[in-house]
Visitor: 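Just dropping this structure here.
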Amino acid sequence: MSDEIKHEWPLFEVFVRAKRGLNHVHVGSLRAADHQMALHHARDLYTRRNEGVSIWVVRSDDVVSSGPDDKDAFFAPSGDKVYRHPTYYSIPDSVPHI
Amino acid sequence: MSAVSAADGERVFAETIEKDLRVEPRDWMPDGYRKTMIRQIAQHAHSEIIGMQPEGAWITRAPSLRRKAILLAKVQDEAGHGLYLYSAAETLGADRGDLTRRLIEGRQKYSSIFNYPTLTFADVGVIGWLVDGAAICNQVPLCRSSFGPYARAMIRICKEESFHQRQGYELLMTMMTGTPEQREMVQDATNRWWWPSLMMFGPPDNDSPNSAQSMAWKIKRHSNDELRQRFVDMTVPQAEALGVTLPDPELRWNAEREHYDFGEIDWAEFKRVISGGGPMNEQRIAHRRRADEEGAWVREAAAAHAAKQAGARAGAAAAGARPGEQGEGGAA
């Protein structure tokens with residue numbers, strides 16, 4: 001039980017496509033020696049009951065994400081652009097199909 | 001992109017809890033919340049992993065191929081549940097290798113229920129019915145727990161847990177239509193597992209020091225006694241349908257409360273078993289330790305193989321070959 005056991009296998013994030021036509025969705029993570037093993041483990045761990053038709057695995061180290069601190073810088077600019085939404089425009093009820 | 005100050009973080013955290021939203025891994029959270037979450041998720045994960053043992057021992061001795069396949073799938077689910085939970089713990093900065101070490105060194109606990117032996121095949125059925133039934137009672141409210149990754153893991157677990165309970169009950173129904181000896185086995189297993197199942201909900205509310213804080217943080221949604229009562233109320237009619245007697249002479253319907261009254265739980269036994277004095281504590285940990293140690297060479301070999309393959313790919317890329325040709329795309 002030495003420290004070398006720590007982090008011996010890297011962490012992978014797992015994404016599963018539930019059925020054709022849907023996006024891959026993040027379902028969790030697992031540890032594996034390499035990508036191939038990560039795929040096999042993901043199959044065993046996350047698709048025991050037909051939950052998926054396709055799996056992606058990505059090294060967690062390789063995921064770059066925005067943080068809670070970035071929330072304003074990233075997402076506030078879209079907050080005041082109401083003209084990007086269809087409901088911003090008033091059209092008389094008498095006009096059909098719009 | 002200035003760092004959120006602690007005061008801001010605290011305000012956002014309080015609002016998140018207040019509005020019943022979920023806390024996500026990278027949000028600011030109080031140290032106590034993080035520690036409580038890691039401890040609870042780790043203990044839950046350990047329980048799933050140790051929980052493979054009592055039933056795992058019966059896989060090769062299950063009486064038919066059908067029962068073997070069912071039990072194998074169930075024990076595989078327990079492993080899966082443990083891994084979903086370790087995955088959730090890792091989002092908080094815990095390391096699953098470290099958590100495993102804490103388990104086998106006795107520094108972290110797991111549910112006391114798994115320290116009882118499985119003496120007959122009827123125990124497999126009773127574990128599904130009572131132990132998984134109690135687990136479902138505990139776990140359904142955790143699907144709304146305030147920490148996002150834990151709540152999501154619990155949703156997945158609860159979906160799978162229902163099969164565990166039903167296969168157990170069906171097994172018992174089958175045995176109850178068998179010989180008098182088989183019916184006696186079911187009654188005997190029920191007698192042994194009933195009280196430990198009631199202990200799964202934890203100490204009584206007036207002796208549960210961490211409960212108030214966990215409720216305030218919406219990690220927990222119902223008190224231990226509340227969930228225990230819910231389990232008793234659900235289970236009594238199931239016992240009647242099965243034709244077994246629950247081993248509690250004080251168990252009776254209370255029309256005024258509209259709940260079943262039940263006898264006093266032996267909390268001294270609970271404390272003894274959770275602190276390592278149960279019939280199987282040493283064996284469970286020894287088995288987990290042995291599995292860890294005997295698996296070490298496999299983990300090392302796989303890591304060495306992966307490093308060698310990565311080295312070969314890097315070498316091939318440097319020599320001008322198409323990178324990633326080997327190994328990466330083969331298993332579609």
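None of the values given here were measured: they were computed from a predicted structure. Throughout, protein chains are lettered first and strands after them, A, B, ... in sequence-line order, and every chain is numbered starting at 1.
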Visitor: Counting only non-hydrogen atoms closer than 4.5 Å, does A:Ile55 touch chain B with its backbone (N, CA, C, O), its side chain (CB onward), both, or neither?
Guide: neither
Visitor: Which word best sums up how the rings of A:Tyr83 and A:Tyr88 line up, parallel for under 30°, tilted for 30 to 60°, or perpendicular for over 60°?
Guide: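 Aromatic pair A:Tyr83/A:Tyr88 classed perpendicular.
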Visitor: Can you see whether B:Tyr84 has B:Arg156 sitting over its ring - NZ or CZ less than 6.0 Å from the centre and within 45° of the normal?
Guide: yes
Visitor: How about residues 69-80 of chain B versus chain A: which residues have heavy atoms under 4.5 Å apart?
Guide: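 So the qualifying residues are B:Gln76, B:Asp77, B:Gly80.
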Visitor: From the options B:His81, B:Arg284, B:Arg288, select the one residue that forms a side-chain contact (heavy atoms from CB on, under 4.5 Å) with B:Ile49.
Guide: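 Testing each of B:His81, B:Arg284, B:Arg288 against B:Ile49, the sole residue satisfying side-chain contact (heavy atoms from CB on, under 4.5 Å) is B:Arg288.
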Visitor: Output the option from A:Glu51, A:Arg49, A:Met37 having the highest count of non-hydrogen pairs under 4.5 Å with chain B.
Guide: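 The answer is A:Arg49.
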Visitor: Between A:Gly67, A:Gly28, A:Ser60, who has the most heavy-atom pairs with chain B when the cutoff is under 4.5 Å?
Guide: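 Ranked by contacts with chain B, first place is A:Gly67.
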Visitor: Are the aromatic rings of B:Tyr86 and B:His46 close, with centres under 6.0 Å apart?
Guide: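 Yes; B:His46 has its ring centre under 6.0 Å from that of B:Tyr86.
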Visitor: Just so I know, are the side chains of B:Glu24 and B:Arg22 near enough to count as touching, which here means a heavy-atom distance under 4.5 Å?
Guide: yes
Visitor: So which part of A:Ser65 gets closer than 4.5 Å to some heavy atom of chain B, the side chain, the backbone, both or neither?
Guide: both
Visitor: Between B:Trp28 and B:Phe13, what is the ring plane arrangement, given parallel below 30°, perpendicular above 60°, and tilted in between?
Guide: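 B:Trp28 and B:Phe13: perpendicular rings.
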Visitor: Salt bridge or not for B:Glu105 and B:Arg289, using N-O below 4.0 Å?
Guide: no
Visitor: Counting distance only, does the side-chain N/O of B:Arg34 pair as donor-acceptor with the main-chain N or O of B:Leu92 below 3.5 Å?
Guide: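 Answer holds: yes.
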